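Beneath this line is the structure, given in structure tokens, with notes to follow.
This one's a predicted model, so the numbers in the text were calculated from it and none came from an experiment. For this chain, numbers begin at 1 and follow the sequence in order. Each ligand, and each atom within it, is numbered from 1 in the order the structure gives.
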Amino acid sequence: MTKLCINIDHIATLREARAATEPDPVHSVLICETAGASGIVCHLREDRRHINDRDLRILREVISTKLDLEMAATEEMRGIAREILPELVTLVPEKRQELTTEGGLDLTRVHPLLSSYIPSLQEKEIEVSLFIDPDKNQIELAKELGADFIEIHTGEYANAIREADAIRELERIRTAAVYAAEMGLKVNAGHGLNYHNVQPVLQIREIGEMSIGHSIISRAIFSGLDQAVRDMMAIFRAESR
Ligand code: PXP
């Protein structure tokens with residue numbers, strides 16, 4: 001069965017909207033792991049807009065499955081990863097102004113930088129995944145760079161409005177996953193996957209793990225809202241006696 005890894009960034013987004021202490025992403029770990037998640041993903045961004053250094057330190061302590069640290073390939077992040085020692089680092093492109101990661105890495109551009117960056121993580125027994133678009137050339141470069149994994153960017157598929165576009169994007173993902181697996185790369189996928197579009201991607205057997213965040217955290221608000229109101233009502237009732 002495909003493994004599900006939960007991206008918990010947006011629990012921290014909600015906390016940061018108030019610059020408050022709750023909700024604490026650390027509290028989600030036991031819930032996600034007990035519910036069956038195979039790993040926890042978080043993205044430490046340069047601007048710390050959601051997950052921060054304190055979160056990452058404590059997450060490392062409490063995660064008992066697998067920590068997948070998403071990060072940009074910068075010197076600062078290299079130092080943090082080598083200190084925190086996540087099981088997996090997923091290298092992503094990062095732009096300060098973007099709302100979310102907008103596409104895969106362009107390995108034709110970052111190839112020289114990554115050729116020493118990847119081994120410097122692997123020598124600490126951190127596996128390295130490269131977040132790339134479903135493109136043959138990018139997969140070949142990922143292999144050449146010695147990455148352990150690729151993560152296929154599923155955003156184009158997830159954002160497709162017309163069915164024909166979704167089918168075409170799904171085929172690109174399938175072809176890329178098969179090609180990467182044949183080359184000996186482990187294959188993950190993620191971005192924009194939700195309760196309505198994940199099913200066809202789950203049929204691609206070469207994909208070992210999926211990283212899903214926004215849709216699960218969004219659903220959690222509604223699946224938990226009824227209880228949250230009832231809990232507050234119980235306090236109201238108790239105080240009005
Ligand atoms: N994979 C990568 C590399 C990402 O950057 C993200 C978003 O942070 C995800 C997966 C998860 O995407 P979503 O939140 O849309 O499920």
Side-chain angles (χ1 to χ4, degrees), residues 2-14 16 25 28 32 37-52 55-56 59 66-74 77 81 86-107 110 114 118 121 126-135 138-139 142 147-160 166 169 173 176-177 180 185-202 204 207-221:
T2 314
K3 291 180 176 166
L4 172 62
C5 297
I6 315 288
N7 181 312
I8 59 171
D9 291 348
H10 295 307
I11 299 174
T13 302
L14 193 54
E16 297 307 314
S28 69
C32 293
S38 298
I40 303 293
V41 189
C42 66
H43 185 172
L44 187 68
R45 282 182 169 268
E46 183 197 11
D47 62 8
R48 309 300 197 268
R49 71 170 72 155
H50 37 54
I51 296 293
N52 60 35
D55 298 334
L56 185 60
L59 287 169
K66 165 179 176 174
L67 169 60
D68 174 0
L69 173 60
E70 275 183 30
M71 58 183 224
T74 63
M77 291 299 153
E87 281 77 14
L88 181 67
V89 157
T90 299
L91 295 175
V92 297
E94 193 175 300
K95 293 190 214 125
R96 219 168 229 272
Q97 302 307 327
E98 68 190 356
L99 287 177
T100 182
T101 314
E102 285 169 352
L105 289 163
D106 180 359
L107 297 181
V110 291
L114 293 188
I118 293 173
L121 297 173
I126 302 169
E127 290 195 292
V128 178
S129 179
L130 301 178
F131 183 57
I132 55 174
D133 293 332
D135 176 277
Q138 297 292 334
I139 294 166
D148 303 285
F149 285 80
I150 58 160
E151 180 178 330
I152 298 176
H153 179 228
T154 52
E156 294 293 327
Y157 161 73
N159 292 336
E169 290 303 324
I173 295 168
L185 288 159
K186 291 180 266 190
V187 184
N188 294 344
H191 212 280
L193 297 175
N194 62 33
Y195 295 83
H196 308 290
N197 65 19
V198 75
Q199 295 83 350
V201 190
L202 282 168
I204 304 172
I207 298 176
E209 288 176 16
M210 290 193 198
S211 165
I212 306 185
H214 191 264
S215 63
I216 295 177
I217 304 307
S218 302
R219 178 172 283 223
I221 291 174

Run the numbers on E70 and R45 for side-chain contact (heavy atoms from CB on, under 4.5 Å), then give the verdict.
CA-CA 8 Å; E70 275 183 30; R45 282 182 169 268; over 6 Å; no

Can you name the residues that form a salt bridge (charged side-chain N to carboxylate O under 4.0 Å, His left out) with E156, not counting sequence neighbours?
none

Using the ring pair (Phe, Tyr, Trp, His ring centres under 6.0 Å) rule, pick out the option among H191, H43, H10, H50 that qualifies with H214.
H10

Check: Q138/D106 side-chain N/O donor and acceptor closer than 3.5 Å:
yes

Would you check ligand 1 and list the protein residues that come within less than 4.0 Å of it by any heavy atom, ordered by chain and number?
N7, D9, E70, V92, T101, F131, E151, G190, H191, G192, S211, I212, G213, H214

Locate the shortest heavy-atom distance separating L59 from P25; write the atom from each residue and the value.
CD2-O, 4.3 Å

Residues D47, R49: salt bridge by 4.0 Å N-O rule:
yes

